[in-house]
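Below is one structure, written out as structure tokens, with a few remarks after it.
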Amino acid sequence: MATKTKQNIEAHHPAPSPWLIALEFRAFWELGSVLPAWPFLRRAPAGDGHSVIIFPGLSASDGSTLPLRGFLENLGHDVSGWNQGFNFGPRAGVLQAAKQQVIDTCQVTGKKVSLIGWSLGGIYARELAKELPDCVRDVITMGTPFAGSHHSTNAWRLYQLTSGRDIQREVEQFDLPAAPPVPTTSIFSRTDGVVAWPASVQTPSRANPLTENLEVIASHIGLGLNPSTWWAVADRLSQAEGQWKPFERKRGLHGMIFPDPKR
């Protein structure tokens, strides 16, 4: 990635304000809203039984994705976590183990695997899809900062502390803004208190036109616990392989829950 490009990204994507950071506490209410939203969630599109792997965010474990995994399993998906404990960054062996998990799952089932990543977990999902396009069906990320420098997040110091790595050197090894060569959905929130929302917006790609940005109203910590995110993920996963279409926003309440990401 060229230095000039990095500087431009950094200048245009400042980290979220202290006010948005304070709003992250609403994550508890987002999980609590699942109960009143359940009649709506029960009508989410069913799955076809293909395998789905979900990667947690920075300093989080599979426990953080348990509610989402349970919801998707209830819809008929074969869902698993990343099975590597807490995500403290791409330490030695982490990415190789994740790669092997995708390969093994694909070989055992004989079908491509859908990858979902929350925040840093989305970076893993995108890069694995670039490396293993024959094994990956589609990618869905939630609040993942692939389109901005590390200064576009409020978590880069925590990343360096937990991983023991220089984040600047880490990102230079990958072309993070480039979309994977498979259908890719980036779910983001303009009220994200950890990642600047423009850093989660995929620019149109001639190399892969099957990309989209999908906006929800959520906190960063609550993205994977939010009913609107659950519905969006279920909708994206329900599409038959090879028949991907962009998310369809509808009028009325649906349009309020899923704002126009291009506005």
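Just so you know, these numbers use all the heavy atoms, side chains as well, and skip hydrogens, waters and symmetry mates.
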How far apart are the closest heavy atoms of [X] and [Y], and which atoms are they?
| X | Y | result |
| --- | --- | --- |
| E24 | D192 | OE2-C, 3.9 Å |
| R69 | V79 | CG-CG1, 3.4 Å |
| W82 | N87 | CZ2-CA, 3.5 Å |
| V136 | K112 | O-CD, 3.6 Å |
| G89 | V94 | O-CG2, 3.9 Å |
| I217 | E30 | O-OE1, 4.4 Å |

inquiry  = For the CH2 atom on W29, are there more than 12 heavy atoms of other groups (residues, nucleotides or ligands in this structure) within a distance under 6.0 Å?
reply    =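 No, not enclosed.
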ask   = Does atom CZ of R263 have more than 12 heavy-atom neighbours from other groups under 6.0 Å away?
value =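 Check passes, neighbour count above 12.
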Sub-3.5 Å donor-acceptor pair from the side chain of [X] to the main-chain atoms of [Y], do we have one?
| X | Y | answer |
| --- | --- | --- |
| D62 | N83 | yes |
| S205 | A207 | yes |
| N213 | Q202 | yes |
| S200 | T144 | yes |
| S189 | T191 | yes |

ask   = Between H254 and F258, how do the two ring planes meet: parallel, tilted or perpendicular, split at 30° and 60°?
value =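 Answer is tilted, since the angle falls between 30° and 60°.
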message = Over 60° means perpendicular and under 30° means parallel, so tell me whether W197 and F188 are parallel, tilted or perpendicular.
response =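 Parallel, since the angle between the ring planes stays under 30°.
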inquiry  = Checking side-chain hydrogen bond (donor to acceptor under 3.5 Å, both in side chains) between S114 and each of R137, Q239, H77, H50, which is the one that passes?
reply    =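 Going through R137, Q239, H77, H50 one by one, the side-chain hydrogen bond (donor to acceptor under 3.5 Å, both in side chains) with S114 is satisfied by H50 alone.
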ask   = Does the ring centre of F55 sit less than 6.0 Å away from the ring centre of W118?
value =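 No, ring centres 6.0 Å or more apart.
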ask   = In chain order, what residues pass the side chain to side chain contact (heavy atoms under 4.5 Å, CB included) check against R157, with sequence neighbours excluded?
value =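 In terms of side chain to side chain contact (heavy atoms under 4.5 Å, CB included), with neighbours along the sequence ignored, R157 is linked to no residue.
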task = Examine R236 relative to F247 and say whether NZ or CZ is less than 6.0 Å from the centre of the six-membered ring and inside a 45° cone about the ring axis.
result =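 The answer is no, since R236 fails at least one limit relative to F247.
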